[in-house]
Amino acid sequence: MDIIISNASDKPIYEQITSQLKNLILAGELAEGQQLPSIRALANDLHISVITTKRAYADLESQGFVETVQGKGSFVAGGNMELLREERLRHIEDLLAKAASEAQASGVTLAELHDMLDLVASDNI
């Protein structure tokens, strides 16, 4: 499991960890029930504070991605991956609605917006 921390990012370190772990879970690279590194081990590997990794794990648990078992560790949560995927799809729809609204306000045509989306998507997907 590779987590890359960027000091140049405008996102706090705990958010970088959270988003990368979410992406690994949703992509199936971290399987349901798989144990995550301990908070201390991840902090040592990334050369960051234990408090930072604890915050990331707490956020993942509150969002349903991770389950923590006292004395055993944190594990990829099971059974609700479809619900989590639906949540991400709703978020994407919200972002697309904002983009469409901005495009309309700027006089960008639907065809131009499609071209822009195709270009952005080809660079990222």
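Since we're looking at a predicted model, the values are computed, not measured.
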Problem set entry | ILVMFWY network linking Ile92 to Leu117, side-chain heavy atoms under 4.5 angstrom | yes
Return yes if some donor-acceptor pair links the side-chain N/O of [X] with the main-chain N/O of [Y] below 3.5 Å, else return no.
{"X": "Ser106", "Y": "Val108", "result": "no"}
{"X": "Gln35", "Y": "Lys72", "result": "yes"}
{"X": "Ser19", "Y": "Gln16", "result": "yes"}

For this session: List the steps and the verdict of side-chain contact (heavy atoms from CB on, under 4.5 Å) for Ile17 and Leu46.
Result: CA-CA 10 Å; Ile17 295 168; Leu46 299 176; 3.9 Å; yes
State the [atom1]-[atom2] distance between [X] and [Y], to the nearest 0.5 angstrom.
{"X": "Ile39", "Y": "Thr68", "atom1": "CD1", "atom2": "OG1", "answer": "7.0 Å"}
{"X": "Ser101", "Y": "Leu96", "atom1": "OG", "atom2": "CG", "answer": "12.5 Å"}
{"X": "Leu24", "Y": "Leu30", "atom1": "CG", "atom2": "CG", "answer": "5.0 Å"}
{"X": "Lys54", "Y": "Arg40", "atom1": "NZ", "atom2": "CZ", "answer": "9.5 Å"}
{"X": "His91", "Y": "Leu89", "atom1": "NE2", "atom2": "CG", "answer": "11.0 Å"}
{"X": "Lys11", "Y": "Gln20", "atom1": "NZ", "atom2": "CD", "answer": "8.0 Å"}

Which heavy atom of [X] sits nearest a heavy atom of [Y], and at what distance?
{"X": "Asp59", "Y": "Thr18", "value": "CB-OG1, 4.1 Å"}
{"X": "Ala77", "Y": "Gly64", "value": "CB-O, 3.3 Å"}
{"X": "Glu29", "Y": "Gln34", "value": "O-OE1, 4.0 Å"}
{"X": "Ala99", "Y": "Leu113", "value": "O-CD1, 4.5 Å"}

Problem set entry | Pairwise side-chain contact, Ile51 with Tyr14, heavy-atom cut-off 4.5 Å (strictly under) | no
Problem set entry | Flag side-chain contact, heavy atom, 4.5 Å: Leu21 against Met1 | yes
For this session: Answer yes or no: are there more than 12 heavy-atom neighbours, outside Glu112 itself, under 6.0 Å from its atom CD?
Result: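 Counting other residues, nucleotides and ligands, CD of Glu112 exceeds 12 neighbours.
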Problem set entry | Within 6.0 angstrom of Asp94 CG, more than 12 heavy atoms from elsewhere | yes
Exercise. Please walk me through it: do Ser74 and Glu61 pass side-chain contact (heavy atoms from CB on, under 4.5 Å)?
Worked result: CA-CA 9 Å; Ser74 297; Glu61 187 168 14; over 6 Å; no
Problem set entry | Residue that, paired with Ile3, satisfies side chain to side chain contact (heavy atoms under 4.5 Å, CB included) out of Leu42, Thr53, Asp45 |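 Going through the options one by one, the only one that passes is Leu42.
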